[in-house]
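In this chain, residues are counted from 1 in sequence order. What's counted below: heavy atoms across the whole structure, side chains too, no hydrogens, waters or symmetry copies.
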Amino acid sequence: MDAQSVGNQGRLSKDERQHRQLKRLETAIDAKFRDVVPRDKPDFLVQVRGIETGVEVTDGSSEELRRALVIKDDEGLKHYSVTGFRDCRDTGKTSNPELLARLKDGEAVSSEEAALFWAERIASRIRTKVGLLRSGEIERFQQNWLCVVNEQPDDWSLKTEFYRGLLLGSLGSSKALRESFDVIYVLSDFHIFIIDRTHFRAERLKD
């Protein structure tokens, strides 16, 4: 997904984004979701091969980047860079002028650094949702899935196994993770990462 697509996504309502993310998951795993019911915590209740499945979906892209691209459209900025955006939730919200300046100036980030930012961002999303499921805030059904959709135009030039290793390292071998969602899916433009109770595998999506 390119930068412009992320900016357009930022203008969708939350419900529209979630439906689009659910459709991406359905396509990526070649499944047929039946009797789709939007709800809250989890975001959807669907039938998958006859099994009642709660599906929680969440955006894995940087909140900073989504805000910056909306600002870019408002300012009419034609030439910009999307490198260097990451999660800064613990250090305070970046101001709009700072985000605009970063879009204009860019930031040199290596492929390895971009991959690390991605892994840390996705791991943070997963840990948050695991905590909500374990606390009972996300209702349990016959099976529960989490889908994290990365809509940020990251650098995917490295080997698939490299990204898998970084995400595994960022998550750690937490017992809480293994005892939470039945399956966790992480979708990017080019990969799908699948974490279940016993395995963590990564696959390159078909072009």
Side-chain angles (χ1 to χ4, degrees), residues 1-10 17 20-21 24-25 27-29 57-73 77-95 98-130 146-174 177 183-196 199-207:
M1 182 172 292
D2 60 24
Q4 184 60 51
S5 297
V6 176
N8 293 338
Q9 288 268 28
R17 286 200 307 273
R20 184 171 295 191
Q21 290 163 348
R24 282 191 65 183
L25 173 62
T27 300
I29 65 175
V57 297
T58 192
D59 185 2
S61 60
S62 165
E63 184 269 344
E64 273 196 345
L65 178 60
R66 187 178 297 281
R67 286 178 50 223
L69 291 175
V70 172
I71 295 168
K72 179 267 301 180
D73 287 344
L77 191 63
K78 301 298 183 183
H79 303 286
Y80 55 92
S81 170
V82 298
T83 60
F85 285 90
R86 64 201 75 168
D87 277 347
C88 297
R89 295 182 178 183
D90 297 331
T91 57
K93 191 171 183 178
T94 307
S95 70
E98 288 176 304
L99 291 177
L100 185 61
R102 197 179 303 173
L103 274 175
K104 290 179 178 179
D105 299 338
E107 181 178 344
V109 176
S110 69
S111 297
E112 290 79 7
E113 285 178 308
L116 180 59
F117 296 158
W118 166 82
E120 291 175 342
R121 200 170 65 237
I122 299 301
S124 173
R125 303 294 190 276
I126 291 173
R127 285 193 294 268
T128 296
K129 296 298 183 179
V130 165
L146 170 63
C147 178
V148 184
V149 181
N150 183 70
E151 296 177 341
Q152 184 159 334
D154 287 313
D155 178 345
W156 296 105
S157 60
L158 304 173
K159 292 184 179 297
T160 302
E161 190 61 24
F162 182 83
Y163 299 103
R164 176 187 172 277
L166 278 182
L167 183 54
L168 181 61
S170 296
L171 286 170
S173 56
S174 168
L177 178 66
V183 188
I184 298 172
Y185 297 98
V186 178
L187 294 177
S188 74
D189 285 345
F190 303 107
H191 306 86
I192 179 170
F193 302 85
I194 305 169
I195 307 168
D196 59 27
H199 298 93
F200 182 0
R201 60 190 187 276
E203 300 173 8
R204 179 87 179 185
L205 292 173
K206 296 179 181 178
D207 295 330

Can you name the residues that form a side-chain contact (heavy atoms from CB on, under 4.5 Å) with Thr58, not counting sequence neighbours?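 Result, side-chain contact (heavy atoms from CB on, under 4.5 Å) vs Thr58: Arg125, Lys129, Leu146, Val148.
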Problem set entry | For Ile29, side-chain contact (heavy atoms from CB on, under 4.5 Å) partners two or more places apart |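 For Ile29, the residues satisfying side-chain contact (heavy atoms from CB on, under 4.5 Å) (neighbours in sequence not counted) are Leu25, Ala31, Phe33, Trp145, Tyr185, Ile192.
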Yes or no on side-chain contact (heavy atoms from CB on, under 4.5 Å) for Glu112 and Leu158, after CA distance, side-chain angles and deciding distance?
-> CA-CA 8 Å; Glu112 290 79 7; Leu158 304 173; 4.1 Å; yes
With rounding to the nearest 0.5 Å, note down the distance linking [atom1] in [X] to [atom2] in [Y].
X: Arg121; Y: Ile126; atom1: CZ; atom2: CD1; value: 12.0 Å
X: Ile184; Y: Leu171; atom1: CD1; atom2: CG; value: 7.5 Å
X: Leu168; Y: Ile195; atom1: CG; atom2: CD1; value: 8.0 Å
X: Leu116; Y: Ser111; atom1: CG; atom2: OG; value: 12.5 Å

#### Entry: Results of side-chain hydrogen bond (donor to acceptor under 3.5 Å, both in side chains) for Thr160 - residues two or more places apart only
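His191.
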Please give me the minimum heavy-atom distance between Leu187 and Ala28, naming the atom from each residue.
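In this case the closest contact between Leu187 and Ala28 is CD2-CB, 3.6 Å.
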Ser124 side-chain N/O to Glu120 backbone N/O, donor-acceptor pair under 3.5 Å: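 No.
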Hey, does the side chain of Tyr163 reach the backbone of Ala115 with a donor-acceptor pair shorter than 3.5 angstrom?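 No, Tyr163 side chain to Ala115 backbone: no donor-acceptor pair under 3.5 Å.
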Discussion item. With a 4.5 Å cut-off on side-chain heavy atoms, are Ile194 and Val183 touching?
Written reply: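 Result yes, sub-4.5 Å side-chain heavy-atom pair found.
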Between Trp118 and Phe193, how do the two ring planes meet: parallel, tilted or perpendicular, split at 30° and 60°?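 The rings of Trp118 and Phe193 sit tilted, inter-plane angle from 30° to 60°.
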Next item on the list: Please list, chain by chain and in numerical order, all residues satisfying salt bridge (charged side-chain N to carboxylate O under 4.0 Å, His left out) with Arg201, sequence neighbours excluded.
Entry: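 Scan of Arg201 (salt bridge (charged side-chain N to carboxylate O under 4.0 Å, His left out), adjacent residues dropped) gives Asp196, Glu203.
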